[in-house]
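Below: one structure, written as structure tokens.
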Amino acid sequence: LLGDIYITVEGGSGVSQEAAAAFERGALVVPLMRTGGASVGMFNFPAGALQRPDFVPEWQWSLLASKEAPVEDSAAAVAAIVAACVGAPAVQEFEQPLPIAEEVPGSYQVVAEVQEQRPQGLAEKIVFGDLDRSCLVLPMLLSGACDGADVTFGEMALAHQHRFVHFLGPGDLEWTAEKAREKQSHGFEHVAQELLEGAVVSEAFDKAAMSRVLGSQRT
């Protein structure tokens with residue numbers, strides 16, 4: 001696992017295992033508890049990750065669990081917690097949709113530089129463990145461009161002028177959201193079939209398949 005911050009939305013045993021591994025090595029895990037599943041403590045989700053970090057106000061953490069609170073308030077709480085962790089300005093409210101790239105001054109320049117400011121073959125470097133993190137321009141979001149949470153995370157990254165990469169395997173382009181294809185395709189990285197069928201990735205997929213609830217994930 002590479003990231004410093006992980007946001008969980010519902011999920012099964014696979015999400016719990018990933019959250020446990022991240023939490024054990026000191027990453028921040030932000031569980032959107034109102035969505036249920038692993039994110040509310042099922043499937044042996046790490047209990048410590050459900051506890052409020054010291055830097056997060058109690059009222060803000062409670063918005064992650066409250067099903068009565070407007071979804072926009074819970075989303076804003078997640079954004080504020082992540083922003084506080086990385087030292088970025090927090091988005092306080094979401095009465096309007098998150099700004100797209102052209103509405104954020106300078107963000108298209110940031111987006112235009114994404115390809116140059118991340119190592120070529122990023123997926124391959126991660127798989128084989130030879131990634132030099134000093135070459136990365138951080139913060140950087142790693143995601144998948146699927147409709148829903150992935151696109152929202154991409155919008156938030158753009159809004160804060162963070163770099164982002166959406167990894168796509170063969171055939172995944174058709175699953176990407178229209179909004180991602182229109183506004184976030186600069187961050188698409190296509191992962192070769194040979195890499196996905198290699199020993200390292202195949203072993204990881206097999207392990208994940210054994211732990212995930214049948215039908216809970218497209219994979």
Side-chain angles (χ1 to χ4, degrees), residues 1-22 27 32 35 37-39 43 98 100-101 107-108 110-133 135-158 162-219:
L1 295 174
L2 180 70
D4 297 311
I5 303 172
Y6 292 82
I7 302 169
T8 66
V9 180
E10 196 182 23
S13 56
V15 169
S16 287
Q17 290 182 359
E18 293 160 2
L32 196 54
T35 61
S39 296
F43 306 103
L98 275 170
I100 57 179
S107 63
Y108 260 137
V110 170
V111 170
E113 296 171 354
V114 168
Q115 295 294 340
E116 289 73 23
Q117 293 190 337
R118 74 170 190 259
Q120 294 300 309
L122 180 59
E124 184 173 334
K125 293 178 182 297
I126 293 173
V127 167
F128 294 114
D130 56 2
L131 174 66
D132 181 2
R133 291 186 59 176
C135 295
L136 300 178
V137 179
L138 303 176
M140 178 182 287
L141 165 75
L142 303 181
S143 191
C146 289
D147 197 9
D150 288 354
V151 174
T152 301
F153 295 156
E155 288 180 334
M156 294 173 68
L158 280 172
H162 293 178
R163 280 64 178 172
F164 67 93
V165 181
H166 289 310
F167 292 112
L168 305 177
D172 282 349
L173 187 61
E174 66 177 289
W175 292 90
T176 58
E178 181 178 354
K179 187 182 294 185
R181 292 193 297 271
E182 291 178 353
K183 303 297 182 183
Q184 301 175 24
S185 61
H186 319 11
F188 286 4
E189 175 161 331
H190 296 273
V191 183
Q193 186 74 34
E194 293 77 13
L195 183 63
L196 295 175
E197 293 180 345
V200 176
V201 177
S202 294
E203 182 179 347
F205 274 151
D206 289 343
K207 183 177 180 180
M210 293 176 62
S211 62
R212 290 189 185 278
V213 177
L214 185 64
S216 67
Q217 302 282 344
R218 184 168 62 85
T219 54

* To do: Quick one: list whatever passes side chain to side chain contact (heavy atoms under 4.5 Å, CB included) with A20, sequence neighbours left out.
  => P46
* **Straight-line distance of L158 CG to H186 NE2, nearest 0.5 Å** => 8.0 Å
* Asked: Sequence neighbours excluded, which residues qualify as side-chain hydrogen bond (donor to acceptor under 3.5 Å, both in side chains) partners of T176?
  -> R181
* Heavy-atom side-chain contact between F188 and L173 under 4.5 Å -> yes
* To do: Determine yes or no for a side-chain-to-main-chain donor-acceptor pair under 3.5 angstrom, with E189 supplying the side chain and A123 the backbone.
  => yes
* Asked: Mind checking what makes side chain to side chain contact (heavy atoms under 4.5 Å, CB included) contact with A157, not counting sequence neighbours?
  -> L141, H162, F164
* To do: For the pair E155 and K179, find out whether any cationic side-chain nitrogen is under 4.0 Å from an anionic carboxylate oxygen.
  => yes
* Asked: For S143, which residues count as a side-chain hydrogen bond (donor to acceptor under 3.5 Å, both in side chains) partner, sequence neighbours excluded?
  -> D150
* Can you check whether G169's main-chain N or O pairs, donor with acceptor, with D172's side chain at less than 3.5 Å? -> yes
* How close do A38 and S16 get, heavy atom to heavy atom, and via which atoms? -> CB-OG, 3.3 Å
* Structure fact -> Sorted by chain and number, sequence neighbours left out, side chain to side chain contact (heavy atoms under 4.5 Å, CB included) with E197 holds for Q193
* To do: Measure across A27 and G3 and return the closest heavy-atom pair with its distance rounded to 0.1 Å.
  => CB-O, 4.0 Å
* Have H166 and Q184 got a donor and an acceptor in their side chains that come within less than 3.5 Å? -> yes
* To do: Side-chain contact test, heavy atoms from C-beta onward, threshold under 4.5 Å: evaluate it for M140 versus L122 and give yes or no.
  => yes
* Asked: Hey, are the side chains of F43 and V15 touching, using non-hydrogen atoms and a 4.5 Å cut-off?
  -> no
* How far does CZ of F167 sit from CG of L195, to the nearest 0.5 angstrom? -> 10.0 Å
* Between A19 and T8, what is the shortest heavy-atom contact and its length? -> CB-CG2, 4.5 Å
* Residues which pass side chain to side chain contact (heavy atoms under 4.5 Å, CB included) with E10, listed by chain and number, not counting sequence neighbours -> T35
* Using a 4.5 Å cut-off on heavy atoms from C-beta on, say whether the side chain of L168 contacts that of V191. => no
